[in-house]
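These numbers come from the heavy atoms of this one structure, side chains and all, not from hydrogens, waters or symmetry mates. Proteins get letters first, then strands, A, B, ... in listed order; numbering begins at 1 in each.
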Amino acid sequence: MADYRPQHLDTKWQQQWTSGGVFEVDIDPSRPKFYCLEMFAYPSGHAHVGHVRNYIIGDVMARMKRMRGFNVLHPFGWDAFGLPAENAAIKTGTHPETSTLGNIAHMKGQLQRLGISYAWAREIATCLPEYYKFNQWIFLKMYERGLAYRRRSSVNWCPSCKTVLANEQVIDGACWRCGSIVVARDLEQWFFRITQYADELLEGLEALPGWPEKVVVMQRNWIGRSEGARVKFQLVGEPRAAAARSTAGGGTAHVEVFTTRIDTIYGANFIVLSPEHPLVEQFAAGASDLSARAQAFRSQDREARMAGKEGFDTGRQALNPFTGQPVPIWVGNFVLAEYGTGAVMGVPGHDQRDFEFAKAYNLPITIVVQPEDAPMSSATLTEAHEGAGRLVNSGEYDGLSWTEANRRMTRAAAERGIGEGTVQYRLKDWGISRQRYWGTPIPIIYCEKDGVVPAPYEQLPVELPRVDTFTGLGDSPLAQVPEFVNVTCPRCGGPARRETDTMDTFVDSSWYFLRFTDPTNVEIPFDPAAAAYWMPVDFYSGGVEHAILHLLYSRFFTRVLGDVGLVTFDEPFKRLLTQGMVLKNGAVMSKSKGNVVDPDDMLQKYGADALRLYVMFVAPPEKEIEWSDAGLEGSFRFLFRVWRLVDHWAETIGGDGIPACDDETCTESERTLRRKTHDTIRRVTTDIEERVHLNTAVSSLMELVNALYAFSETTRHGAPTRAEPPIGRVERPQTIAALREAIDALVAMIAPFAPHTAEELWLMLGHTEGLTFAPWPLFDPEVARADEIVVPVQVNGKVRARLTVAAGLSEDELRERALADPVVRTHTDGKAIRKVVVANGTLVSVVVS
RNA sequence: GCGGAAGUGGCGGAACGGCAGACGCGCUAGCCUCAGGAGCUAGUUGGGGAAACUCAGUGGGGGUUCGAAUCCCCCCUUCCGCACCA
């Protein structure tokens with residue numbers, strides 16, 4: 001018997017694939033395309049089994065689709081900018097570029113040793129000028145369209161990473177990367193106006209049936225659209241001077257609130273401002289301790305603000321525009337400055353937060369919406385009534401339903417010029433400035449005379465200067481490189497300074513999937529024709545941790561690039577799979593926990609195919625899995641079992657001149673084998689292509705192997721065992737034909753999972769063309785059709801008998817046979833048969849009493 | 001608190017509303033072996049029975065249905081996301 005030496009096969013076939021360039025692709029309009037993509041990797045140094053699982057999932061899809069005749073684009077690249085490399089440089093002195101390129105080389109080797117079928121000619125790394133040049137190009141396009149803008153703003157500052165974080169990068173008030181508590185800081189920042197696309201991004205979610213519902217919901221919540229109204233409350237007794245300023249700017253004579261419940265406005269007994277609200281300082285001009293108290297709130301961190309509602313009365317009042325009554329204006333630490341108008345109307349009867357605030361500070365509570373079944377009184381109220389009802393204490397609106405009142409009052413506010421219906425989003429503009437070195441320089445120049453001047457396109461890329469010492473101290477590292485900072489203004493030729501911040505690395509990953517369609521273009525990010533052919537990505541897989549950040553930004557960029565004229569579609573990812581994590585000892589693998597499973601160790605022991613197969617078989621791709629050495633060994637045993645099977649039969653059934661299958665002359669067991677073969681083809685095909693249930697695809701293949709062993713037992717050649725020599729040679733043409741059909745199909749369908757072993761077995765069977773583009777086995781429903789079926793018979797819902805009958809028996813015959821069955825009769829005798837249901841010819845259900 | 005997903009043998013997991021537990025791991029027995037931690041064959045949800053068969057069974061409780069792991073309602077548990085968004 002030929003030895004099964006998987007490590008040897010790995011090397012052999014990987015060399016063949018690489019030297020033949022078989023995974024490289026070109027545009028071919030004559031064939032259907034399939035763009036298969038796994039989220040590219042941050043080059044941390046070592047890929048562990050958790051990362052690798054994702055690449056294997058994609059590889060199974062890609063290899064299967066190739067065999068199905070698709071022109072498959074399956075590229076890979078590196079999300080190569082980022083903090084860890086720079087932090088390592090501060091610690092060890094190794095330049096980020098050196099460590100990053102070294103890590104890429106190592107990880108690329110790991111992926112190649114797994115036999116992942118990437119088109120490596122299209123490899124990209126975002127830290128290379130050829131790539132980030134187009135981050136800058138896109139930035140300039142956005143700047144021209146007003147989609148990139150600069151403003152001073154309070155930003156999330158991570159004191160440990162010494163940089164600004166996007167809202168998306170703040171988790172529970174802490175830095176997403178290092179966990180330090182984030183503090184507020186005022187800085188000039190560049191922003192992308194993603195909010196301009198809020199509605200489009202929200203509506204686009206409806207057109208993503210191929211996305212997990214979970215991710216769609218997360219994005220919908222993140223965008224957080226709410227319909228409501230802005231309403232102005234006139235300030236009472238605002239000094240003339242301040243009121244006058246309102247026309248000149250800087251001061252105002254009213255306070256504007258945002259509410260989704262204008263129907264409750266007759267119950268608005270107070271106003272609460274956020275501590276950051278401009279009116280606070282305006283009021284403080286007359287009463288200076290206000291300023292200090294507001295400042296105390298402002299300096300509270302998120303945690304403290306969440307801990308409890310606190311507030312104070314400013315002593316000022318505003319007129320409720322509907323009741324005409326004055327209400328006090330308070331400042332509350334729980335009111336968010338950045339949402340709505342930064343001021344809310346307090347309706348304690350119908351908003352739980354306002355209720356708690358009113359109880360704490362003894363503010364009056366008015367009920368203005370009464371539920372119809374159980375009327376409440378403000379004296380006995382224990383919590384706010386936030387639900388439905390009819391209006392009371394609301395003047396001319398009394399008696400209206402809350403929804404109707406909402407409509408009418410919004411209209412009335414608009415007519416009176418005191419408010420308007422409006423839509424608010426939770427989504428905020430995307431702050432992209434980072435005070436770090438290892439990222440894309442923002443292509444902006446500040447000229448004393450001309451102000452903000454974009455770098456001219458012909459000067460791109462604005463290259464990242466070489467910096468050799470990393471201290472991690474001070475502001476942007478680029479600010480410390482005079483030859484980078486000092487430039488001449490492209491407009492006037494005078495002295496100017498470059499922007500020294502770099503871009504958030506999420507910019508890099510927001511369009512890399514487009515770059516893969518045309519990775520070497522030096523003029524523009526990519527050729528629109530290439531994108532038109534390859535996009536959208538048909539199958540995209542990666543971790544669910546990117547459900548909001550990366551996937552939302554990418555959808556935003558795709559729309560922007562559509563406006564720029566580079567693409568003609570809105571949604572970049574047609575089907576999204578969020579793969580589960582790989583756990584070891586119940587925990588996510590990490591260096592610090594010391595529970596990392598290194599794929600290279602597994603390759604050495606069992607070869608790439610056993611690892612690939614195991615990871616696919618152990619659970620559905622979306623589920624998290626617990627790593628098991630025993631399971632891996634099981635997969636190895638299975639492959640060895642396949643190897644023995646093929647080796648055992650190769651001489652008999654291999655090569656040319658094998659007769660075609662012919663059901664007319666088949667024995668029963670040959671028919672059974674053929675049926676199993678085609679049933680397996682059907683199941684494996686839909687499991688991979690439609691359901692992406694890769695684990696059940698593997699188990700179907702295992703069943704086919706078991707069937708082949710059972711079939712082998714019935715022949716003179718016997719089952720494949722290591723020890724026993726065959727009893728005799730099989731010469732019967734139909735046996736050979738059925739075996740050939742089954743084993744060819746088996747080897748072909750195993751190929752996406754275990755490509756190295758499959759290629760070798762394919763060769764052993766006498767095929768001269770490789771498996772990469774071998775046609776996927778064709779399902780023949782005629783062959784798969786059963787002659788006999790087993791029909792269970794239920795009596796009162798319990799299975800009492802199983803009838804083996806010819807397929808296609810009529811319902812009447814089935815009914816008759818079922819009722820005649822002796823076991824069924826023991827349960828029906830002496831009882832009245834109420835009903836007999838024959839369910840689509842495959843089950844009989846008898847009801848007796 | 002809100003939203004989402006899930007709860008099935010010793011374990012990982014299968015089951016268009018139609019035979020619960022496919023497939024694998026583990027375990028048991030037999031065969032083969034100098035030996036085997038290799039391989040082949042068989043068995044493996046629990047209770048009763050020599051067996052045929054039978055009773056119970058998919059987190060708990062109700063319901064719809066001839067028929068529910070699957071659909072509906074209530075509850076419990078776990079995981080994930082969001083969390084003063086007015």
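In this view, A:T685 and A:M64, A:R68, A:I681, A:E689, A:W776 satisfy the side chain to side chain contact (heavy atoms under 4.5 Å, CB included) rule, not counting sequence neighbours. For A:V344, the side chain to side chain contact (heavy atoms under 4.5 Å, CB included) partners are A:V272, A:V335, not counting sequence neighbours. With sequence neighbours excluded, the residues forming a side chain to side chain contact (heavy atoms under 4.5 Å, CB included) with A:E386 are A:D351, A:Q352, A:A384, listed by chain and number. Applying the salt bridge (Lys or Arg N to Asp or Glu O under 4.0 Å) test to A:R682 and every residue at least two apart in sequence or in another chain returns A:D679. In terms of the ring pair (Phe, Tyr, Trp, His ring centres under 6.0 Å) criterion, residue partners of A:F357 (sequence neighbours excluded) are, by chain and number, A:F270, A:W330, A:F334, A:Y361. Every residue meeting the side chain to side chain contact (heavy atoms under 4.5 Å, CB included) condition with A:N221, not counting sequence neighbours, appears here in chain and number order: A:V217.
B:G59 and B:U77: their P atoms are spaced 16 Å apart (whole Å). A gap of 28 Å separates the C1' atoms of B:C82 and B:C72, to the nearest Å. Using P as the reference atom, B:C19 and B:U58 are 15 Å apart when rounded to the nearest Å. Using P as the reference atom, B:A86 and B:C80 are 26 Å apart when rounded to the nearest Å. Using atom P as the reference point in both B:U64 and B:G46, the two lie 33 Å apart (nearest Å). On the P atoms, B:G60 is 15 Å away from B:A68, given to the nearest whole Å. Comparing the C1' positions of B:U44 and B:C11 gives an interatomic distance of 14 Å, to the nearest angstrom. Distance noted for atom P between B:A22 and B:C71: 22 Å (whole Å).
No engagement by A:V347 is indicated, since no non-hydrogen atom pair under 4.0 Å with the nucleic acid exists. A:R230 comes within 4.0 angstrom of no nucleic acid atom, judged by non-hydrogen atoms across all strands. Among the heavy atoms of the strands lying under 4.0 Å from A:R691 are primed sugar atoms or P, OP1, OP2 only; no base atom is included. Using a 4.0 Å heavy-atom distance criterion, A:P620 is classed as a sugar-phosphate-only contact.
Residue A:R426 places no side-chain N or O under 4.0 Å from the OP1 or OP2 atom of B:A86. At the phosphate of B:G3, neither OP1 nor OP2 sits under 4.0 Å from any side-chain N or O atom of A:R220. At the phosphate of B:U54, OP1 or OP2 sits under 4.0 Å from a side-chain N or O atom of A:H827. Distances shorter than 4.0 Å separate none of the side-chain N or O atoms of A:Y709 from OP1 or OP2 on B:U41.
Regarding A:R5, its CZ atom lies at a distance of 22 Å from the P atom of B:A38, rounded to whole Å. Computed from coordinates, the A:H693 NE2 to B:A15 P distance equals 7 Å when rounded to whole Å. A:N221 has its CG atom 9 Å from the P atom of B:G4, to the nearest Å. The CG-C1' distance, from A:L814 to B:G18, rounds to 14 Å in whole Å. Note: CD (A:Q219) to C1' (B:G4) measures 15 Å, nearest angstrom. The distance from atom CG of A:L803 to atom C1' of B:G18 is 15 Å, rounded to the nearest whole Å. Taking atom CD on A:Q352 and atom C1' on B:C2, their separation rounds to 14 Å, with Å as the unit. The separation between A:F638 atom CZ and B:G13 atom C1' is 17 Å, rounded to whole Å.
The backbone N or O of A:N695 lies less than 3.5 Å from no partner atom in the side chain of A:H693, so there is not a single donor-acceptor pair.
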Between A:Y4 and A:D647, is the side chain to side chain donor-acceptor pair (under 3.5 Å) condition met? List the steps. CA-CA 10 Å; A:Y4 180 46; A:D647 182 68; over 6 Å; no

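Nucleotide B:G37 has no partner under the Watson-Crick or G-U criteria, as no pair reaches both atom distances under 3.5 Å. Across the strands present, B:U77 finds its partner in B:A6; the criterion is a Watson-Crick or G-U wobble pair with both atom distances under 3.5 angstrom. Nucleotide B:U58: unpaired (no Watson-Crick or G-U wobble partner with both distances less than 3.5 Å). Of the nucleotides present, none pairs with B:C32 by Watson-Crick or G-U wobble criteria with both distances under 3.5 Å. In this structure, B:G12 forms a base pair with B:C23, meeting either the Watson-Crick or the G-U wobble geometry with both donor-acceptor distances under 3.5 Å.
Taking the ring axis of A:F640 as reference, the NZ or CZ atom of A:R644 stays within 45° of it and closer than 6.0 Å to the ring centre.
Remark: the A:S712 side chain and the A:W649 side chain contain an N/O donor-acceptor pair separated by less than 3.5 Å. At a cut-off of 3.5 Å, with distance as the only test, a side-chain donor of A:E633 or A:Y606 sits close to an acceptor on the other residue.
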Can you pull every protein N or O that's under 3.5 Å from an N or O on nucleotides 20-25 of chain B?
| unit_1 | atom_1 | unit_2 | atom_2 | d |
| --- | --- | --- | --- | --- |
| B:A22 | O2' | A:E703 | OE2 | 2.9 |
| B:G24 | OP1 | A:N706 | ND2 | 3.2 |
| B:C25 | OP1 | A:R637 | NH2 | 2.9 |

Identify each atom pair where a protein N or O and an N or O of nucleotides 56-58 of chain B are less than 3.5 Å apart, giving names and distance.
| unit_1 | atom_1 | unit_2 | atom_2 | d |
| --- | --- | --- | --- | --- |
| B:A56 | OP2 | A:K798 | NZ | 3.0 |

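Of the candidates B:A86, B:C19, B:G18, the closest approach to any side-chain atom of A:A839 belongs to B:G18.
For the side-chain hydrogen bond (donor to acceptor under 3.5 Å, both in side chains) condition, the pairs that include at least one residue of residues 791-803 of chain A, sequence neighbours left out, are A:R800-A:H827.
Position along RNA chain B of the nearest nucleotide to A:V846 versus A:Y339 favours A:V846 as the more 5'-ward residue. Toward the 5′ end of RNA chain B lies the nearest nucleotide of A:K623, the other residue of the pair A:K214 and A:K623 mapping further downstream.
Its glycosidic angle being within 90° of 0, B:G9 falls on the syn side.
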